[in-house]
Amino acid sequence: MSDEISFTVFKGDKSGSIGPSTTKKPALKRDQVHLRVTASGVCGTDLHYTSAGIALGHEGVGVVESVGPDVRSLKPGDRVGWGYEHDSCGQCQQCLSGNETFCPERAMYGYADTDQGSFASHAVWREAFLFKLPDNLRDEDAAPLMCGGATVFNALHGYEVQPTDRVGVMGVGGLGHLAIQFAAKMGCEVVVFSGSDGKRDEAMKLGASEFHAMKKEKNLKDTTKPINRLLVTTSAQPDWEQLLPVLAPGAFVFPLSVAEGDFKFPYMPLLLSGITVQGSVVAPRHVHQRMLTFAARHGIKPIIEKFELSEKGIKEALDRLEKGDVRYRGVLVPKASL
């Protein structure tokens, strides 16, 4: 049909190789928005899906090209972003209370809308799950905030961190370097835990109040005061026996990285100190929008490396990400934007 929309996406296959494919969508209906992709973050989660046969990418930014008949607030030329969640039922208690990320019918990257992603030339999404970008936030800086930024901000803002809290950040990487900035701008004392001293100077420049190299400082209780929140942004679980002595009574622990297997935590210290291990995913929409406003207002942006939004560029970005060789977020952009 004449109004059909066709665009290029990049998919993985069972072998793990990545190549272009064509996705076709019917004419726009209801609140659907057709946009041109201008930037895409490259997230660790994308590595999990390279052999799943789906369109890759979920940290998207683009420019609106056309809109469906029920679109209310967006128009062609507007810059928007989207993240991990694409849709929800809108009627359950989770949706009605602003927690649609836990909707039983949520549509999330990896198992819904698998024919399109942010590693693409274009996309078609619901207006309800798109976020208009602040004018002073560049496309390439906004893209990693759509998942990485939303994840750490939700753990802080969504669970009511206080400006008097001491916030621990475990790891200075794709998530950690954003968590440091958000917590610092919220007025918190930010205590960074890393394996070695290699990232000390950078962590302090990003807003950390303290830095502890855990391979050298085995007895942390002698070198730091208790912390109220701990954001674990490393893929491997920490040595809890080393960290427990510096968790304040009533502390919250947020495991934020995607990992397989079980989460293991010493049982009696959990009871005796009243510690909460809090699961947290990407932000619901109202928190996501606040995250973008907060980032733009306080000049928070990721440290990025840009790659071409092409088959070659995607492969290079994912290969380097898998090796831990990206500082700190890879961003795909069209060749003309490099």
Side-chain angles (χ1 to χ4, degrees), residues 39-50 56-61 81-84 109-110 117-119 137-156 167-185 190 192-196 198-208 211 230-238 254-260 280-283 288 291-292 294-295 299-307 309 313-333:
S40 172
V42 183
C43 179
T45 310
D46 295 319
L47 290 172
H48 294 276
Y49 290 110
T50 53
L56 296 169
H58 61 280
E59 292 184 331
V61 168
W82 77 92
Y84 215 83
Y109 172 64
S118 58
F119 295 5
L137 193 59
R138 299 185 308 171
D139 292 11
E140 58 263 41
D141 293 331
L145 299 180
M146 295 300 150
C147 177
T151 296
V152 298
F153 189 83
N154 191 51
L156 295 165
V167 174
V169 177
M170 183 77 193
V172 185
L175 291 177
H177 90 287
L178 291 170
I180 294 168
Q181 294 180 72
F182 277 118
K185 292 299 183 181
V190 183
V192 173
F193 300 98
S194 187
S196 67
K199 297 177 180 179
R200 179 186 294 271
D201 290 345
E202 193 149 58
M204 302 303 284
K205 289 177 183 177
L206 290 170
F211 185 98
L230 177 64
L231 278 61
V232 181
T233 71
T234 53
S235 54
Q237 291 190 41
F254 296 90
L256 297 180
S257 297
V258 175
E260 301 293 334
S280 177
V281 290
V282 291
H288 192 124
M291 178 272 299
L292 291 173
F294 190 92
I300 294 171
K301 59 183 182 179
I303 295 172
I304 64 172
E305 289 189 53
K306 293 197 287 188
F307 301 84
L309 182 49
I314 291 168
K315 289 178 180 178
E316 181 186 359
L318 288 173
D319 285 346
R320 287 187 52 192
L321 179 61
E322 191 166 25
K323 295 174 184 175
D325 186 32
V326 176
R327 182 180 169 273
Y328 285 109
R329 301 291 294 193
V331 178
L332 302 167
V333 296

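Any value given below was found using the heavy atoms of this structure, including those in side chains, with hydrogens, waters and symmetry copies removed.
At distances below 3.5 Å, not a single donor-acceptor pair connects side-chain atoms of His48 with backbone N or O atoms of Thr45. Although no hydrogens or angles enter the test, the distance criterion places no donor-acceptor pair under 3.5 Å between the side chain of His58 and the main chain of Gly117. Ser118 places no side-chain N or O within donor-acceptor distance of the main-chain N or O of Ser40, the cut-off being under 3.5 Å. Between the side chain of Thr233 and the main chain of Leu175, no donor-acceptor pair closer than 3.5 Å is present. With Asn154 contributing its side chain and Thr151 its backbone, the two residues share no donor-acceptor pair below 3.5 Å.
Taking all atoms of both residues into account, the shortest heavy-atom contact from Val331 to Pro144 is CG2-CG, 3.6 Å. Across all non-hydrogen atoms, the minimal contact from Gly148 to Glu59 is N-OE2, 3.1 Å. Of all heavy-atom pairs spanning Ile180 and Ala203, the tightest one is CG2-O, 4.0 Å. Nearest approach of Cys147 to Tyr84, heavy atoms of both residues: SG-CD1, 4.3 Å. The minimum heavy-atom distance between Ala155 and Leu256, with the atom names listed, is CB-CD2, 4.1 Å. Among all heavy-atom pairs drawn from Ala184 and Val190, the shortest one is N-CG2, 3.5 Å.
By the 4.5 Å heavy-atom criterion applied to side chains, Val326 and Val42 are not counted as neighbours.
Between the CG atom in Leu231 and the CG atom in Leu178 there is a gap of 11.5 Å [rounded to 0.5 Å]. Rounded to the nearest 0.5 Å, atoms OG (Ser194) and NZ (Lys199) are 6.0 Å apart. One finds the OG1 atom of Thr50 at 7.0 Å from the CD atom of Glu322 (value rounded to the nearest 0.5 Å). From Thr234, atom OG1 reaches atom CE of Met170 across 5.0 Å, with rounding to the nearest 0.5 Å.
If you look at Tyr49 and Tyr109, their ring centroids are closer than 6.0 Å.
Counting heavy atoms of neighbouring residues, nucleotides and ligands inside a 6.0 Å radius, atom NZ of Lys306 exceeds 12 of them.
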| message | Pair Phe254, Val152 - check side chain to side chain contact (heavy atoms under 4.5 Å, CB included), show working. | response | CA-CA 9 Å; Phe254 296 90; Val152 298; over 6 Å; no

| field | Check against side chain to side chain contact (heavy atoms under 4.5 Å, CB included), Ile300 and Phe182 | value | CA-CA 7 Å; Ile300 294 171; Phe182 277 118; 3.5 Å; yes

| request: Go through the steps to decide whether Glu202 and His177 satisfy the test side chain to side chain contact (heavy atoms under 4.5 Å, CB included), and finish with yes or no. | output: CA-CA 9 Å; Glu202 193 149 58; His177 90 287; over 6 Å; no

| request: Applying side chain to side chain contact (heavy atoms under 4.5 Å, CB included), run through Leu145 and Met291 and close with a yes or a no. | output: CA-CA 8 Å; Leu145 299 180; Met291 178 272 299; 3.8 Å; yes

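Between Arg329 and Glu305 there is no salt bridge, since no side-chain N of the basic residue sits under 4.0 Å from a carboxylate O of the acidic one.
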